[in-house]
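We number each residue from 1, following the sequence as shown.
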Amino acid sequence: MSIGKNTQKRSLSRRQFLIGSTLAGAGIAGGALAGCAPASQGGAPASESAAASAEHEIFDLDSKSMTQGTWSWSTPPEDIPEGDIAETAKCDVLVIGAGLAGCCAAIAAAEEGARVIVVEKSPTDTVCGRGLDIAAFHTKKQQELVAEGLMEEPDYRQLIRRWIYWAQGRVKEPLLWEWSRKSGACFDWLADLVEPKDLTTYVWDGYYKGPDYTEYPVTHIFYQADKYEETINFTFYQGSGVGDVYGNAVLVPALYDTIEELGGEIRWETKSERLARDGDGPVTGAVVATGKNEYAQINAKSVIIASGDYAADDEMFQYYSPMTAYAMDGRFYNPPDVDTGDMHKQALWAGAAMQKSEPHSAVMHLDFGAASYGFLHVNWDGKRFKNEDVNTQSKSVTKALQTQKDAWTIYDSHGLEQVKTQMDAGLGGGLQWGQLTQPVGGEYNLEAQQIVLEGEVESGQTLKADSLKQLAEKMGVPPENLEATVARYNELCDLGKDLDYGKRPEVMGKVQDPPFYAGKLVASLLTMCGGLRTNTDCQVLDAEDQPIEGLYVCGSAAGEFFGAGDYPTYVPGIGHGRCVTFGRIAGINAAGGDAEAKIPSLDI
C-alpha cells in the first residue's frame, strides 16, 4: 500500500456526516462531507459533483442572524507526500490519545500480549486528564460500604431507565446496558492496577439527593493513600492544586508508568494526521506528524481513537451544539485547546460516520464561577427566574434562556449553615451545592466551605455587601428589583410553599441578615460528548452501521452514549466512567481478545 498515493476515491454520503440533521432549520444539500474516502491516507475529494464544499447556514445565537459559511473539515486534505515520511514503525495496536480512555485501552491491549504504541500530540510530561469523578456500578468499594451499613446500592436497572428517559430515547441503548454490566468489573480492574502505586479510592457522598433530579452513590474518587484527610478537606483556596493529592491528575501519571511497565511506548508531541486505509479495506495504521513537515508512518493491526472531544474547534462546536456554544461562559479542558476533533475528522475521511442524534450532548457545569448551592437565583435584571432545586447542568442551561446570560446566587450570613443542614439531612447536593470531595460516611465540612466563600470573595467571584441595595449596585442590577425579589422569596419561605416555582420548602432559606452575598454563576463547558458511531465492541461504524475493520473508539470521541443535548447528572462521573469501561473493552478487542468473555458482567 502506498501511503502517498490514493488508490480509490469514493463519495461520503450525507448519512456519514449528518443523518437528517438541521442547524437552526438549515440543511446541507447533496452531502455534508463530500467526496471522500480514503484510500491510503483517509482520502481526498472524489469529484466536483460530490459537493465537498457545500455551504451551510450558521445560526448565530448572539446576533440572531443567519450567515453563510463552509465547514473547513468537509473537504479532506491532500495526501502527505510520500517523500515527507521519514520513519516507519510497526505495532499491533496504535492508540491515539493519552488521556484516561487511551491509557485504559493501551493497558488492556498490552495485557493481551499486544505491542502497543500510544501517540499524543501534547508535550512530554503533560497530564492528559482533568477532574476526579469516575462512575461505576457494584464495585468492591461500594460493596464494602454496603456491608458497613453506610450506603444502599441503587436499583441499577431503574437508574439506566431514568437515563434513557433523560435522553428522550436518543441514545443507543445497548451501549448503556453494556456499560452498566461491565463498569464495576472494569473499575475494580483499574483500582487493582494502581493499588501498588499507593492510590486508593472512595465513593463520593456530595451528589444531589432531591426527589426529581436524583443522583446516586456511584461516583468514585482516586487519591494518594496517605492523603485521605487532605483529599476530603480539599478546597481550591488553600494554596494547593487538584494534582497534589487526588483525582485524575494523580491517576493518569500512574497509568503512564503502567503502560511502560507492560512494554508499551508513549510517543509525545506526535500528532495523527491521517488514518491509513485502502478503499473499503481495514484501517492499517496512521501517518503521524513528529515535527514541522516531519512525518512517520505507524503500521498497526488495529487503531484505537481515544483523542477526546472537539470543543476547541469552533466550527464543529457551533455546528453540532449551537445552543451550548451560546450558553457557555467559558471552556475548560486539560491540556487546554487540544480537543480539536482531529480524529473525528480523520475517521470521517476514512469512511466513518458520526452519531445520528443531534445536537450533541455537553458537560456544562457551574464549576469555575461561584458555588451556586440551592439558594435564590436571580438574573441580569435582579429577578428570580427558576426553581433552584436542580442540578448544576440544568442551571448552566436555563440561565442562558434569559435576555442576558448573567445570573447570581443570593444568600445571607446564615447561608452556609443552611447548606450544612440540608446536606447532613440528605436533602440537596450535587456539584456546586454538595462538597467536591465529601466521602460516603463523612459529613459536610462547614469550615472548609467558609474557606471557599472567603476565597470567592477575594477573587471577586462572590460579591459581599451590608445591604441589598449595595449588593445590587455591585452586581449591576436594579436595586429595586433585587429588593422586591428577596422580599417575595422571604414571603414564600414564611408561607412554607413556593407558589412561584414549586421549590421544596425544606431547601428554602430566608435572605435577611447581613452581610449579603451574590455569587456569579459561570456556565463552564467541560466536554462535548458527541462522536463517532460505534457498537458495544467499540468498533467504529460507517454510514451503513457496518464496522470498519481495524478501527476502534473510546472516550469522548465515541458517540451515541448521551442524548437530548445535555449530560445526565443521574450518574455523576459517567464521562470518565465510560473512558475506563470502553477503554478496556476497546483495548482487549483491538488486541484480538474477547472483551465480552473476559470481563465479568453484572446481572442487572
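- Ion pairing between a basic and an acidic side chain is recognised when a charged N comes within 4.0 Å of a carboxylate O; E273 and K271 show such pairing.
- Using the six-membered ring where Trp is involved, W166 and Y570 have ring planes that are perpendicular, over 60° apart on the 30 and 60° scheme.
- With rounding to the nearest 0.5 angstrom, the CG atom of D566 is 6.5 Å from the CE atom of M364.
- Under a cut-off of 6.0 angstrom, the local environment of OH in Y165 is sparse, with at most 12 non-hydrogen atoms contributed by other residues, nucleotides or ligands.
- D389 and Y208 are linked by a side-chain donor-acceptor pair at a separation below 3.5 angstrom, with hydrogens and angles left out of the test.
- Residues A472 and P479 approach most closely at CB-CA, 3.5 Å, considering heavy atoms.
- Salt-bridge annotation for D500 and K386: absent, with no side-chain N of the basic residue lying under 4.0 Å from a carboxylate O of the acidic one.
- In this pair, W204 and Y207 present their aromatic rings perpendicular. The plane angle is above 60°, beyond the 30 to 60° band.
- A donor-acceptor distance shorter than 3.5 angstrom exists from the side chain of R130 to the backbone of L526, with no hydrogens or angles considered.
- There is a side-chain donor-acceptor pair under 3.5 Å between N535 and Q539.
- Partners of P174 under the side chain to side chain contact (heavy atoms under 4.5 Å, CB included) rule, at least two apart in sequence or in another chain, are K172, T536.
- In terms of modelled atom types and a separation under 3.5 Å, the side chain of E560 and the main chain of V171 share no donor-acceptor contact.
- Side-chain contact annotation: Q449 with Q435, donor-acceptor N/O pair under 3.5 Å present.
- Between Y156 and W177, the distance separating the two ring centers is not shorter than 6.0 angstrom.
- Ring centers of F582 and W179: at least 6.0 Å apart, outside the cut-off.
- The distance from atom CD1 of I574 to atom OG of S183, rounded to the nearest 0.5 Å, is 7.0 Å.
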Derivation and outcome, side-chain contact (heavy atoms from CB on, under 4.5 Å), residues V507 and W433: CA-CA 11 Å; V507 293; W433 184 346; 4.1 Å; yes
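- Taking a cutoff of 4.0 Å between a charged side-chain nitrogen and a carboxylate oxygen, R331 and D309 do not qualify as a salt bridge.
- A salt bridge is absent between E215 and K209; no separation between the charged side-chain nitrogens and carboxylate oxygens falls under 4.0 Å.
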Steps toward side chain to side chain donor-acceptor pair (under 3.5 Å) verdict (S459, Q461): CA-CA 6 Å; S459 68; Q461 292 174 311; 3.2 Å; yes
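- With 3.5 Å as the limit, one finds a donor-acceptor pair spanning the side chains of Q346 and S272.
- No donor-acceptor pair closer than 3.5 Å links the side chain of K405 to the backbone N or O of A523.
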D329 vs K399, salt bridge (charged side-chain N to carboxylate O under 4.0 Å, His left out): CA-CA, chis, key distance, verdict: CA-CA 11 Å; D329 298 313; K399 78 181 190 68; 2.7 Å; yes
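- Contact annotation: the side chain of Y216 never approaches that of V571 to less than 4.5 Å [non-hydrogen atoms, C-beta and beyond].
- T219 contributes no side-chain N or O that, together with a main-chain N or O of G573, makes up a donor-acceptor pair within less than 3.5 Å.
- By the 30° and 60° cut-offs, the orientation of the rings of Y319 relative to W73 is perpendicular.
- In this structure, the side chain of S394 does not engage the main chain of V390 through any donor-acceptor pair within 3.5 Å.
- Side-chain atoms of R584 and V580, non-hydrogen and from C-beta on, never get closer than 4.5 Å to each other.
- Residues A352 and V540 share a closest heavy-atom pair of CB-CG1, 3.5 Å.
- Taking the six-membered ring for Trp and the full ring otherwise, the centers of F562 and Y567 sit less than 6.0 Å from each other.
- Contact record, Y411 with V511: C-CG1, 4.1 Å, taken as the closest heavy-atom pair.
- Side-chain contact of S122 with E120: a donor-acceptor pair under 3.5 Å is present, judged by distance alone.
- Side-chain atoms of T462 never come within 3.5 Å of backbone atoms of G460 as a donor-acceptor pair (strictly under, hydrogens ignored).
- No side-chain heavy atom of F375 sits under 4.5 Å from any side-chain heavy atom of I410.
- Considering only heavy atoms from C-beta on, P154 stays 4.5 Å or farther from F137 through its side chain.
- Minimum heavy-atom separation, C554 to I304: SG-CG2, 3.8 Å.
- Using a 4.5 Å heavy-atom threshold, the side chains of R488 and R384 count as separate.
- With rounding to the nearest 0.5 Å, the separation of CG in L525 from CE in M328 is 6.0 Å.
- The closest donor-acceptor contact from the side chain of N334 to the backbone of G129 lies under 3.5 Å.
- Judged by distance alone, the side chain of N481 and the main-chain N or O of D381 form a donor-acceptor pair under 3.5 Å.
- Contact check on K345 versus D313 returns a salt bridge, with a Lys/Arg side-chain nitrogen under 4.0 Å from an Asp/Glu carboxylate oxygen.
- In terms of modelled atom types and a separation under 3.5 Å, the side chain of K503 and the main chain of M508 share no donor-acceptor contact.
- Look at R533 and D542 and you find no salt bridge, because none of the NZ, NE, NH1 or NH2 atoms lies under 4.0 Å from a carboxylate O.
- Note that K520 lies in the cation-pi zone of W408, set by a 6.0 Å cut-off to the ring centre and a 45° limit from the axis.
- Y213 meets the ring pair (Phe, Tyr, Trp, His ring centres under 6.0 Å) test with no other residue; sequence neighbours excluded.
- Between H220 and F187, the ring planes lie tilted relative to each other; the angle falls in the 30° to 60° range.
- Atoms CG and CD, from L468 and E480 in turn, are 12.5 Å apart once rounded to the nearest 0.5 Å.
- At a threshold of 4.5 Å between non-hydrogen side-chain atoms, the residues I305 and L532 count as touching.
- Looking at Q432, its side chain never comes within 3.5 Å of a backbone N or O of T392 through a donor-acceptor pair.
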Pair E388-K395, salt bridge (charged side-chain N to carboxylate O under 4.0 Å, His left out): steps then yes or no: CA-CA 8 Å; E388 302 89 354; K395 293 178 181 181; over 6 Å; no
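- Residues S321 and M528 come closest through the heavy atom pair CB-CE, 3.4 Å.
- By the 4.5 Å heavy-atom criterion applied to side chains, L132 and H576 are not counted as neighbours.
- For the pair R578/C529, a side-chain contact is recorded, criterion being any heavy-atom separation below 4.5 Å from C-beta on.
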CA sep, side-chain torsions, deciding dist, call: D498, R504, salt bridge (charged side-chain N to carboxylate O under 4.0 Å, His left out): CA-CA 7 Å; D498 184 2; R504 288 180 294 156; over 6 Å; no
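- Looking only at atom types and distance, the side chain of T569 has a donor-acceptor partner in the side chain of N391 under 3.5 Å away.
- Considering OH of Y489 and CG of L376, their distance stands at 6.0 Å, rounded to 0.5 Å.
- Residues that satisfy the ring pair (Phe, Tyr, Trp, His ring centres under 6.0 Å) test with H344, not counting sequence neighbours, are Y310.
- Residues A370 and L521 approach most closely at O-CD2, 4.3 Å, considering heavy atoms.
- Atom CG of N248 and atom SG of C128 lie 11.5 Å apart (nearest 0.5 Å).
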